[in-house]
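All remarks here apply to the structure that follows.
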Amino acid sequence: MLGPEGDNHETAADPPRATVLSGVAEEAVPALFAGASRGHAGIAAALAELQSPAALAATPAFGLTGLGGTEADLTEHSTLHVALEGVSLLAARAVQDSRAVVSVVPADISIDQGVADLTGMPAPLRARVTEATLSLHRAYAAFMDRAAPRVAARDRCSPEAAAPRARALALGLVPSATRTRVYFSTNARVLSAHCGRLLAHPLPEVRSAAGAILDAARNVAPELFHAVTPSKMRTAAPSELADAIARLHTAPQEGASATMVISQPVRLIRHDKDALERVMLALAYDACDPTINAFALMGSLRTAREPALTEMLAKVLRERGPDELPPRGLEASALTFELMVDAATLHDLMRPRAHTASTQRFTCRLGFQMPEDLLDLGLAEPYQDAMLAAQAAWAEIEAEDPAAAEYAVPLGYRVRSLWTVDLRQLVHLIESRSAKANPMRVRRIAHGLYRSASNVLPWFRDVPRVDLD
């Protein structure tokens with residue numbers, strides 16, 4: 001659990017020493033570090049005093065109460081691993097917010113788990129949402145009965161090999177109320193703040209999931225979650241913003257269904273025209289002589305021609321390793337994109353935690369995405385019939401409760417999502433999601449992000465290692 005060995009008497013001649021902790025419960029790490037930081041004895045003495053990791057709440061010497069601002073900082077050292085099961089795909093999307101978790105492992109999407117428990121919704125409304133969900137489940141099962149043998153015949157493969165390909169074609173028929181699981185890791189500070197926001201969510205199921213997470217977290221580390229309350233800001237913001245938008249923006253005459261061109265799923269909203277200067281300032285500042293200040297350095301970069309700056313960047317990236325991210329200087333500039341993709345594709349794109357995303361609520365107003373292979377397999381008509389029937393059921397529920405209607409939306413319908421991503425994160429996103437291991441629907445979005453950025457920042461074209469084949 002501790003190494004290397006030795007006494008704790010520090011002298012000027014002592015070499016640096018590092019300790020890697022193993023076997024200590026992660027929820028005990030904040031209190032452990034607090035104890036080590038208060039004295040001169042260091043981590044070895046703190047570990048000796050902490051007789052059991054389970055003593056976090058019971059040992060006053062390691063309690064966090066009374067540390068003031070330090071308490072919040074220390075909770076960042078405690079990583080908790082959360083397994084949330086039996087929630088809808090809709091609730092799972094809210095829980096696995098892209099900036100609130102360190103890593104996430106979403107479960108495979110299928111109808112095998114049935115319908116999520118929608119307790120808290122009025123009984124008549126719950127019955128209609130449940131029936132709409134089960135109707136789509138039946139359509140999914142019927143579609144799979146026809147798709148699997150046709151895929152096997154087309155691809156000349158076994159039924160076992162054909163099943164995953166058929167499921168990929170049927171994915172758009174899965175409704176958002178379908179039960180699923182989500183597994184994620186995050187630190188205690190972020191988790192408590194995130195649960196505070198979820199406790200103010202308009203959907204009862206999401207509030208219930210937040211309560212379940214908090215109950216489980218308090219069983220493990222009560223001191224880290226003793227003061228979590230619903231976010232008043234999260235409760236007030238939607239109505240305040242809706243009023244402000246109504247004053248500032250007039251909806252187009254063609255109505256709420258108006259959207260961008262379907263063939264343009266990626267649209268660049270804003271970018272920094274001086275992005276190259278910003279990036280080179282950040283990179284050069286680290287390397288320049290300490291007598292040079294940023295204002296003077298920026299002035300020199302502005303007088304340089306773009307080819308000279310591009311050549312400097314190329315030299316920085318020349319020795320970049322196969323799995324190495326580009327330098328942090330690329331974080332100095334960001335772009336904002338609007339994506340309009342089917343919800344199933346958005347689910348796949350959200351797995352990397354490399355962007356800040358704001359996603360509109362799910363509706364059937366933006367149309368659905370038809371998998372290309374369905375025409376060749378002769379399955380386009382049953383797929384379309386099921387999607388149109390789902391839209392009719394959604395419209396009835398939407399008229400009564402727009403939030404509850406999200407549960408009835410199949411994953412094949414499009415949704416808008418606004419992403420702000422810095423250039424370093426964008427490189428990671430393009431490289432990871434353009435690889436051939438991804439479905440083509442995901443690769444197309446990565447290609448769209450790459451081309452949109454390269455159109456306005458020509459020098460960016462040679463930065464990502466994008467797979468365009």
Side-chain angles (χ1 to χ4, degrees), residues 85-90 92-93 106-118 126-182 341-348 362-364 366-397 405-415 437-444:
E85 300 176 328
V87 294
S88 70
L89 289 165
L90 190 61
R93 182 187 68 134
D108 291 337
I109 297 175
S110 72
I111 65 170
D112 298 340
Q113 296 285 314
V115 185
D117 178 14
L118 302 180
R126 183 169 69 249
R128 291 162 66 186
V129 170
T130 301
E131 177 51 38
T133 301
L134 292 175
S135 178
L136 275 165
H137 284 186
R138 291 190 291 268
Y140 177 98
F143 182 90
M144 282 293 295
D145 287 342
R146 300 175 66 180
R150 295 190 189 192
V151 170
R154 182 196 64 179
D155 298 347
R156 298 180 181 179
C157 63
S158 66
E160 292 76 16
R165 303 173 198 178
R167 282 195 295 270
L169 296 175
L171 187 60
L173 295 172
V174 177
S176 299
T178 302
R179 279 166 60 100
T180 189
R181 313 178 184 101
V182 61
V341 297
D342 59 280
T345 298
L346 186 67
H347 174 84
D348 286 336
F362 290 174
T363 76
C364 293
L366 302 180
F368 59 86
Q369 197 74 31
M370 177 80 77
E372 296 172 358
D373 289 357
L374 295 188
L375 289 172
D376 295 337
L377 294 169
L379 294 170
E381 186 174 346
Y383 187 92
Q384 178 174 289
D385 289 346
M387 295 297 273
L388 293 177
Q391 182 175 0
W394 164 83
E396 292 183 3
I397 301 171
E406 288 189 80
Y407 284 108
V409 179
L411 297 184
Y413 274 88
R414 299 183 185 93
V415 62
N438 297 283
M440 182 51 71
R441 56 188 169 80
V442 173
R443 296 186 69 206
R444 284 198 188 98

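As a basis for the values below, the full set of heavy atoms in this structure was taken, side chains included, without hydrogen atoms, waters or symmetry mates. Along the sequence shown, the residues carry numbers beginning at 1. What you see is a predicted model, and the numbers here were worked out from it, not measured in a lab.
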L411 and S176: CA distance, side-chain angles, deciding distance, side-chain contact (heavy atoms from CB on, under 4.5 Å) verdict: CA-CA 7 Å; L411 297 184; S176 299; 4.1 Å; yes

For residues 370-379, please give each side-chain donor-acceptor pair under 3.5 Å, one per line with the distance, not counting sequence neighbours.
| from | atom 1 | to | atom 2 | distance (Å) |
| --- | --- | --- | --- | --- |
| E372 | OE1 | R444 | NH2 | 3.4 |
| E372 | OE2 | R444 | NH2 | 2.8 |
| D373 | OD2 | R154 | NH1 | 3.4 |

Report the distance from atom [atom1] of [X] to atom [atom2] of [Y], rounding to the nearest 0.5 Å.
X    : Y    : atom1 : atom2 : answer
D342 : H347 : CG    : NE2   : 11.5 Å
I397 : E406 : CD1   : CD    : 12.0 Å
T180 : L90  : OG1   : CG    : 12.0 Å
Q369 : R414 : CD    : CZ    : 4.5 Å
Y383 : L388 : OH    : CG    : 11.0 Å

Donor-acceptor contact present, side-chain S135 to main-chain E131, <3.5 Å: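 Checked: no pair found.
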
What closest approach, in Å, do [X] and [Y] show between heavy atoms, and which atom pair accounts for it?
X    : Y    : answer
L136 : A386 : CD2-O, 4.2 Å
V129 : A177 : CG1-CB, 4.5 Å
G172 : P410 : O-CB, 3.1 Å
F143 : A170 : CD2-CB, 3.6 Å
H137 : G114 : CE1-O, 3.6 Å
R128 : E396 : NH2-O, 3.2 Å

Side-chain touch M144/I111, heavy atoms, less than 4.5 angstrom: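 Result no, sub-4.5 Å side-chain heavy-atom pair not found.
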
Side chain to side chain, L171 and R167, heavy atoms closer than 4.5 Å: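 Contact flag for L171/R167 side chains = no.
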
Any residue meeting salt bridge (charged side-chain N to carboxylate O under 4.0 Å, His left out) with R126, in chain and number order, not counting sequence neighbours: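 In terms of salt bridge (charged side-chain N to carboxylate O under 4.0 Å, His left out), with neighbours along the sequence ignored, R126 is linked to no residue.
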
Intermediate values then yes/no, side-chain contact (heavy atoms from CB on, under 4.5 Å), V151 and L169: CA-CA 10 Å; V151 170; L169 296 175; 4.1 Å; yes

Residues that Y413 engages under ring pair (Phe, Tyr, Trp, His ring centres under 6.0 Å), provided they are two or more places apart: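 With neighbours one apart ignored, the set is F368.
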
Verdict with reasoning, R181 to Q113, per side-chain contact (heavy atoms from CB on, under 4.5 Å): CA-CA 9 Å; R181 313 178 184 101; Q113 296 285 314; 2.8 Å; yes

Step-by-step side-chain contact (heavy atoms from CB on, under 4.5 Å) determination, I109 to T178: CA-CA 9 Å; I109 297 175; T178 302; 5.8 Å; no

